[in-house]
Amino acid sequence: MGSSEYHPLHIFFFPMMAPGHMIPTIDMAKLFAEKGVKATVITTPLNAAFISNVIGKANGIHIQTIEFPCAQAGLPHGCENADSIPSPDMLQPFLLGTRLLQEPFEQLLLNQRPHCVVADMFFPWTTDSAAKFGIPRLVFHGTSFFSLCVLACLGHYDDVSSDSDSFVIPNFPGEIRITRMQAGSLLKSNDITVVSKLVEEARESDLRSYGVVVNSFYELEKVYADHYRKVLGRKAWHVGPLSLCNRNSQEKANRGKEASIDERECLKWLDTKKPDSVVYVCFGSMAKLCDSQLRAIATGLEASGQDFIWVVKKNKQHDGEEWVPDGFEKRMEGKGLIIRGWAPQLLILEHEAIGACVTHCGWNSTLEAVTAGVPMVTWPIAAEQFFNEKLVIEVLQIGVPVGSKIPVELQGDIISWESVEKAVNRVMKGEEATQMRNKAKVFSQLAKGAMQEGGSSYSDLNALIQELSLLSH
Ligand code: UDP
């Protein structure tokens with residue numbers, strides 16, 4: 001089917017202002033734009049400046065901005081992205097503040113009349129906004145089918161006694177156990193918070209929306225993709241792994257933000273290492289680990305004897321050297337590379353020297369590791385990441401858990417250095433490690449196949465565009 005037949009479909013993409021949501025949404029907009037769709041990304045002025053730096057001008061994506069009323073939202077001036085909130089307790093005001101975008105968003109809909117809106121799960125109100133103008137809204141959660149099924153299956157469930165007792169997720173394929181603590185705001189509770197209210201609204205708005213677009217591929221989680229569609233009856237299209245739409249090294253190097261290290265320097269360092277010999281450690285875009293966690297990672301990595309790249313997010317309290325053991329950086333010269341700030345993650349994961357990664361199980365990072373064929377040490381930080389961990393460990397069997405039990409928003413559980421050492425060695429050495437790596441490499445091939453002509457995600461994307469084109473006439 002030629003791309004010109006799709007014209008002139010116009011889609012608004014409206015991501016939550018946080019890197020983990022903006023990055024895959026921009027990838028998705030690129031993918032649609034490549035098929036001849038007019039793709040408009042709606043965001044705030046500060047984020048727009050950052051997106052246009054990163055995507056360049058050549059790929060046919062339009063960016064439109066709406067003012068984010070920081071002052072009205074009770075946030076400091078210039079605070080337009082969840083990764084720039086000054087402290088974790090500002091996360092809830094930030095989420096609440098995004099509601100103020102409804103009116104200007106509707107103004108844009110009125111002026112531009114796109115044929116469809118792909119809006120983030122954090123903006124449940126967009127279903128009603130779009131409906132006012134007769135426009136279908138698709139939801140983008142930015143997570144796995146597995147986690148989407150958990151979200152749907154836990155709705156109104158409250159048959160749990162204690163925080164730490166585990167229970168089997170009801171009406172869910174397989175015997176997957178989680179604890180009340182891990183389910184967090186997904187369970188029914190008397191303690192209504194901004195997040196639990198949002199989750200409830202998102203659940204309800206999913207049901208009234210046109211459908212859900214998923215950054216995943218069928219071969220990775222068939223049982224859960226089928227369960228979501230056939231048993232739970234949801235309309236969904238899988239169009240991933242979206243990261244694969246970044247084909248040249250420049251696109252990969254600057255994805256998300258400008259990297260804090262010259263990517264050539266980083267790749268040259270990796271070129272000196274043997275295949276599958278380096279561990280990549282990164283906790284996504286938002287988490288800021290505390291000193292004791294960082295020391296546990298440093299000590300665990302050193303004790304494991306493995307070479308590593310470790311991404312440490314800039315944090316005022318880490319300006320000194322007390323977050324790593326004495327003389328750590330000196331001793332690790334040549335063995336370990338520390339990136340302070342933003343790493344060119346896709347390029348690193350794809351390098352043949354990378355043998356495993358330590359991840360917080362954010363869905364983007366998890367899927368990027370799968371796509372690169374890299375097994376994982378899982379250290380989930382907050383709720384949905386605990387479900388992605390279950391998928392990696394229990395279903396796909398391409399990872400080792402570090403033992404994170406308690407969700408702590410933006411920071412995560414405290415883990416001993418011995419557990420870090422043990423998990424890193426288990427994922428890197430021995431027969432079990434080889435088996436996990438071989439499995440991960442099979443998934444990597446399947447991921448690439450899904451995005452190629454005739455592959456499952458390629459076909460689902462075409463089917464979605466075709467359906468939206470028919471609706472638009
Ligand atoms: N990322 C990156 N460099 C970094 C940190 C993160 O490129 O130093 C990218 C990563 O590749 C992924 C996204 O940022 O695409 C993080 O999303 P994820 O869902 O893994 O976690 P979140 O940041 O939402 O917690």
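Note that the numbering runs from 1 along the sequence shown for the chain. Both counts, for ligands and for their atoms, begin at 1 and track the order of listing.
Inter-residue side-chain proximity for L337 and C266 is flagged as met; some heavy-atom pair is nearer than 4.5 Å. Proximity of V400 to M436: side-chain heavy atoms (C-beta onward) are separated by under 4.5 Å at one or more points.
If you check which protein heavy atom lies closest to atom 24 (O) of ligand 1, you get G20 CA, 3.4 Å. The protein heavy atom nearest to atom 21 (O) of ligand 1 is H360 NE2, 3.0 Å. Protein heavy atom closest to atom 23 (O) of ligand 1, with residue, atom name and distance, is S285 OG, 2.4 Å. Looking at atom 20 (O) of ligand 1, its nearest protein heavy atom turns out to be S365 OG, 2.5 Å. The closest protein non-hydrogen atom to atom 13 (C) of ligand 1 is I23 CD1, 3.9 Å. Nearest protein heavy-atom contact of atom 12 (C) of ligand 1 is E368 OE2, 3.4 Å. With respect to atom 2 (C) of ligand 1, the closest heavy atom belonging to the protein is W342 CZ2, 3.2 Å. N364 ND2, 2.8 Å is the protein heavy atom nearest to atom 19 (O) of ligand 1.
Short contacts between ligand 1 and C282, defined as distances under 4.0 Å to a heavy atom of the residue, involve ligand atoms 5 (C). Under a 4.0 Å criterion applied to the non-hydrogen atoms of V311, ligand 1 contributes the atoms 8 (O). The atoms of ligand 1 that sit less than 4.0 Å from any heavy atom of A343 are 2 (C), 3 (N), 4 (C), 7 (O), 8 (O). Near G362, with a cut-off below 4.0 Å to any heavy atom, the atoms of ligand 1 are 18 (P), 19 (O), 20 (O), 21 (O). Proximity to W363 (heavy-atom distance under 4.0 Å) selects the following atoms of ligand 1: 19 (O).
K273 forms a cation-pi arrangement with W269, by the criterion of a distance under 6.0 Å to the ring centre and an angle within 45° of the ring axis. For the pair K335 and F308, the NZ or CZ position fails the cation-pi test of under 6.0 Å to the six-membered ring centre and within 45 degrees of the ring normal.
For F146 and F387, the gap between ring centers reaches or exceeds 6.0 Å. Less than 6.0 angstrom separates the ring centroid of F32 from the ring centroid of F13. Ring-centre distance between F140 and F14: not below the 6.0 Å cut-off.
A salt bridge is absent between R137 and D206; no separation between the charged side-chain nitrogens and carboxylate oxygens falls under 4.0 Å.
Taking 4.0 Å as the cut-off, G256 does not count as a neighbour of ligand 1 on heavy-atom distance. Proximity of H21 to ligand 1 is not established, as no heavy-atom distance is less than 4.0 Å.
Residue contacts with ligand 1: G284 is placed with no nitrogen or oxygen under 3.5 Å of a nitrogen or oxygen of the ligand (distance criterion only). The distance criterion of under 3.5 Å between nitrogen or oxygen atoms is met by K313 with respect to ligand 1.
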Exercise for the section: Decide salt bridge (Lys or Arg N to Asp or Glu O under 4.0 Å) for R255 and E350; before the verdict, give the C-alpha distance in whole Å, the side-chain angles of both, and the deciding distance to 0.1 Å. Expected result: CA-CA 14 Å; R255 182 166 173 263; E350 278 177 7; over 6 Å; no

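Neither side chain, R234 nor H227, offers a donor N or O lying under 3.5 Å from an acceptor on the other.
By the neighbour-count criterion of 12 heavy atoms within 6.0 Å, atom CD of Q64 is densely surrounded, having more than that number from other residues, nucleotides or ligands.
At a heavy-atom distance under 4.0 Å, no atom of P19 approaches ligand 1.
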